[in-house]
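In what follows, every heavy atom counts, from backbone to side chain, and hydrogens, waters and symmetry copies are set aside. Start at 1 and go down the list; that is how both ligands and their atoms are numbered.
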Amino acid sequence: MHSEFANRLCIDKDLKYLKGVGDARAKLLASELGMHSCSDLLFYFPGRHVDRSRFYHIRDLYGTEMPYIQIKGRFINFSREGEGRKQRLTATFTDGDRLCQVTWFAKIQTIGNMYRPGVEYVLFGKPAFKYNAWQFVHPEVEVFDPERPPQGLRGIYGLTDTLRKRGFTTRLMQTLVANLLDSIPEGSLPETLPAEIIRERHLVSFDEAIRNMHRPSSMQMLQKAAERLKFEELFYLELHILEFSRKRNLQLKGHIFSKVGPLFNKFYSDVVPFPLTGAQKRVLKEIREDMRTGRQMNRLLQGDVGSGKTLVAFMTMLLAVDNGKQAAMMAPTEILATQHAEALARWAQPLGISTALLTGSTRTAERRRIAQGLADGSIHMLIGTHALIEDSVEFRDLGVAVIDEQHRFGVAQRARLWKKGTVPPHVLVMTATPIPRTLAMTVYGDLDVSVIDELPPGRKPIQTWLRYDDNRNEVYRHLYNEIRKGRQAYVVYPLIQESEKSDLKSAEEGFERLKGLFPGIGVSLVHGKMKPAEKDFQMQKFASGGTSILVATTVIEVGVNVPNASVMIIENAERFGLSQLHQLRGRVGRGAELSYCILMSKRQIGTDTKKRLGIMTETTDGFLISEADLKLRGPGDMEGTQQSGIAFNLKVSNLARDGQIVGQARDAAMRLLDGKMLLLPDSIAILNRELQIRFARSIDWSRIS
Ligand code: ADP
Ligand code: MG
């Protein structure tokens with residue numbers, strides 16, 4: 001697992017030669033933990049530490065469960081209880097003042113013969129208060145040695161069941177690590193960060209950090225050690241990402257759009273029916289800056305659902321047309337592409353701009369017409385699905401490509417758009433999955449980030465309620481009242497069909513039930529297993545007001561716009577992630593009416609789930625929600641992060657929890673690349689060695705002035 005570090009350290013020798021390991025244990029460590037060399041063990045940090053610097057008295061234990069502690073005393077008696085496999089060995093232990101119970105369920109024979117009454121022992125474990133006494137189960141036991149110095153903080157290492165069964169204990173791991181650390185002269189582990197950075201950030205040395213991760217001299221040193229290793233990891237990640245994107249920027253020449261021409265100006269002054277929000281204006285300015293530089297723009301536009309990204313996209317596309325180029329917009333679903341095409345056509349028409357829609361279901365004749373129009377330049381804007389990136393689609397001169405809902409597209413697909421022209425088009429990627437800025441800068445490291453952090457004025461916040469299955473009648477009454485007022489509603493289910501394996505509610509079942517409950521009210525059903533044409537038909541029927549209720553699975557999550565819909569009911573809401581709930585909720589609240597989002601859940605839910613659903617009822621701020629989501633789930637799970645193209649392999653740091661260190665690391669990497677930090681030759685050697693080990697690449701520092 002950590003073998004990549006092996007060649008850096010002089011201690012890359014095979015683990016089996018380490019004192020206390022040998023052939024058999026080395027094989028186990030390799031197969032169970034992927035450890036091969038001594039440096040792998042060195043980088044196998046404890047999951048937590050326990051304080052062995054003091055002995056507790058039984059009378060001082062408190063609560064019902066203590067952390068790992070140690071007590072000193074004597075066994076009074078042993079007794080075997082139970083029969084056969086349920087047999088156990090119990091002992092009474094005293095620290096001279098009070099009594100406690102010790103229990104073993106395995107190795108009873110050996111243990112029974114091992115410990116003697118009268119001898120002074122140290123018990124080490126995690127006592128719990130049960131049956132009116134403090135209980136230790138399978139504690140570690142050792143003979144008390146008055147000569148031995150106090151041990152301080154000790155690491156607890158993650159072990160697999162197999163390792164445990166084969167005799168690996170916390171104690172053994174500590175001994176092995178101690179053997180290793182003692183075999184390396186103090187201060188001799190080679191430094192992995194430039195001295196300039198260590199000095200500036202007051203970091204502890206690599207050698208100190210490693211030793212203190214395993215055997216910290218104090219809680220404070222443990223923290224410093226962790227901080228240093230986190231900084232180091234994030235610093236190299238940022239250095240790698242930043243330098244990579246700079247190089248790309250230098251290489252990729254882009255179109256220069258010097259003109260904010262008549263179309264853009266006319267649209268702004270005559271066509272757009274409302275004033276732009278401050279955030280929209282700011283983002284457009286950032287985009288225009290990009291387009292003047294002569295480098296290809298690669299920008300991520302983040303904005304909550306309903307924040308008005310489409311308008312920004314359209315105006316960006318106008319810049320292309322104003323400068324004699326074409327523009328394209330790609331959406332992840334046919335429904336969404338169609339909606340975009342309609343919105344854009346409405347805006348484009350008064351300007352005399354021609355648009356076209358290309359999807360998988362576009363007929364051959366229309367395809368031919370589009371191909372012709374793209375080639376001769378008479379189509380200015382093309383909107384569509386994946387169909388856009390097919391090889392047969394050729395533009396005369398593509399200047400801007402917009403990709404909506406980034407997380408549905410991979411980096412590879414984005415790159416295919418680039419190839420549609422000799423000069424790559426400027427690329428604007430839009431996402432409604434808000435990612436906190438520090439994370440976004442790292443996850444989408446190859447993109448610049450713009451944020452629309454403001455909703456158009458006059459939006460009424462969506463009322464969000466949490467209701468349980470036994471409130472169902474009340475919920476349906478509310479639904480009925482809204483429909484009678486002429487509104488429409490979504491009801492979302494986690495499953496398509498009923499399943500014997502799960503007690504989750506299904507869309508098909510819900511569809512039948514709602515039809516039965518509300519005779520005379522039109523109900524549509526869409527789910528992912530329907531044929532696209534049938535799905536579109538049902539969607540369109542709902543969108544045009546032909547039906548009042550849309551029963552769906554999460555296929556409707558992305559982008560659909562039905563302003564008259566004012567109710568969103570989400571069944572088994574406990575099964576959805578926060579970001580997904582937020583996306584779903586964003587389907588309502590798009591019109592002038594007060595809207596409702598009702599989260600249905602079973603009554604028995606865990607505390608984390610309750611917390612999650614509670615956040616939804618408290619805020620509609622996508623960034624707060626995404627931050628909370630990140631804290632609850634960690635970044636690995638976040639939609640979009642996997643496809644970002646950056647292999648995250650963080651060992652000590654956590655992008656969610658270490659946001660501050662991410663910022664500092666990024667800042668240091670940036671200053672280094674800007675030539676604002678003077679480096680000695682030794683430091684440059686360190687940087688290149690580390691980049692080589694971590695990312696198999698190096699940087700030509702002579703280019704950085
Ligand atoms: P999203 O960012 O989720 O893609 P849209 O672009 O679909 O949001 O915009 C949502 C709605 O808000 C649309 O009906 C759009 O016309 C409207 N809108 C966009 N910008 C503004 C604005 N500045 N003022 C008022 N309404 C706006
Ligand atoms: Mg949108």
(request) Tell me which part of P275 gets within contact of ligand 1: side chain, backbone, both or neither, using heavy atoms under 4.0 Å. (result) backbone

(message) Show me which atoms of ligand 1 lie under 4.0 Å from any heavy atom of T277.
(response) 23 (N)

(request) Evaluate the 4.0 Å heavy atom contact test for atom 27 (C) of ligand 1: does a protein atom fall under the cut-off? (result) yes

(message) Which option wins on minimum heavy-atom distance to atom 25 (C) of ligand 1: A313, P273, P456, G306?
(response) P456

(message) Starting from atom 15 (C) of ligand 1, what is the nearest protein heavy atom, named by residue and atom, and what distance separates them?
(response) F274 CZ, 4.3 Å

(message) In the structure I gave you, are the side-chain heavy atoms of D290 and H426 within less than 4.5 Å of one another anywhere?
(response) no

(request) Identify the protein heavy atom lying closest to atom 11 (C) of ligand 1, giving its residue, its atom name and the separation to 0.1 Å. (result) R459 NH2, 3.4 Å

(request) Considering only non-hydrogen protein atoms, determine which one is nearest to atom 2 (O) of ligand 1 and report residue, atom name and distance to 0.1 Å. (result) K309 NZ, 2.8 Å

(message) On a heavy-atom basis, which atom in L382 and which in F395 lie closest, and how many Å separate them?
(response) CD2-CZ, 3.9 Å

(message) Less than 4.5 Å apart, side chain to side chain, heavy atoms only: is that true for L613 and L581?
(response) yes

(message) With heavy-atom distances below 4.0 Å as the criterion, list the atoms of ligand 1 near L276.
(response) 23 (N)

(request) Distance to 0.1 Å, residue and atom name: give those for the protein heavy atom nearest to atom 14 (O) of ligand 1. (result) N561 ND2, 4.3 Å

(request) Establish, from distance only, whether the side-chain atoms of T619 and D621 form a donor-acceptor pair under 3.5 Å. (result) no

(message) Checking H340 against D404: is there a side-chain donor and acceptor pair closer than 3.5 Å?
(response) yes

(message) Any non-hydrogen side-chain atom of R585 less than 4.5 Å from a side-chain atom of T620?
(response) yes

(message) When you compare the side chain of D322 with that of F257, does any pair of heavy atoms fall below 4.5 Å?
(response) no

(message) So if I apply the side-chain hydrogen bond (donor to acceptor under 3.5 Å, both in side chains) rule between E482 and each of R484, H478, K485, which one comes out positive?
(response) K485

(message) Quiz question: by atom type and distance under 3.5 Å, do the side chains of E334 and T359 form a donor-acceptor pair?
(response) yes

(request) For atom 8 (O) of ligand 1, grab the closest protein heavy atom and report residue, atom and distance to one decimal in Å. (result) G308 N, 3.3 Å

(message) Considering V272, L336, T310 one by one, which has a heavy atom nearer to atom 7 (O) of ligand 1 than any of the others?
(response) T310

(message) Is the shortest side-chain heavy-atom distance between N323 and H255 below 4.5 Å?
(response) no

(message) With the threshold set at under 4.0 angstrom, would you say V312 reaches ligand 1 through any of its heavy atoms?
(response) no

(request) Consider every N or O of P457 and every N or O of ligand 1, then say whether any pair is closer than 3.5 Å. (result) no

(message) Residue-level breakdown please: for Q280 versus ligand 1, do any non-hydrogen atoms fall below 4.0 Å on the side chain, on the backbone, on both, or on neither?
(response) side chain

(request) Would you kindly specify which portion of I452 sits under 4.0 Å from ligand 1, judged on non-hydrogen atoms: side chain, backbone, both or neither? (result) neither

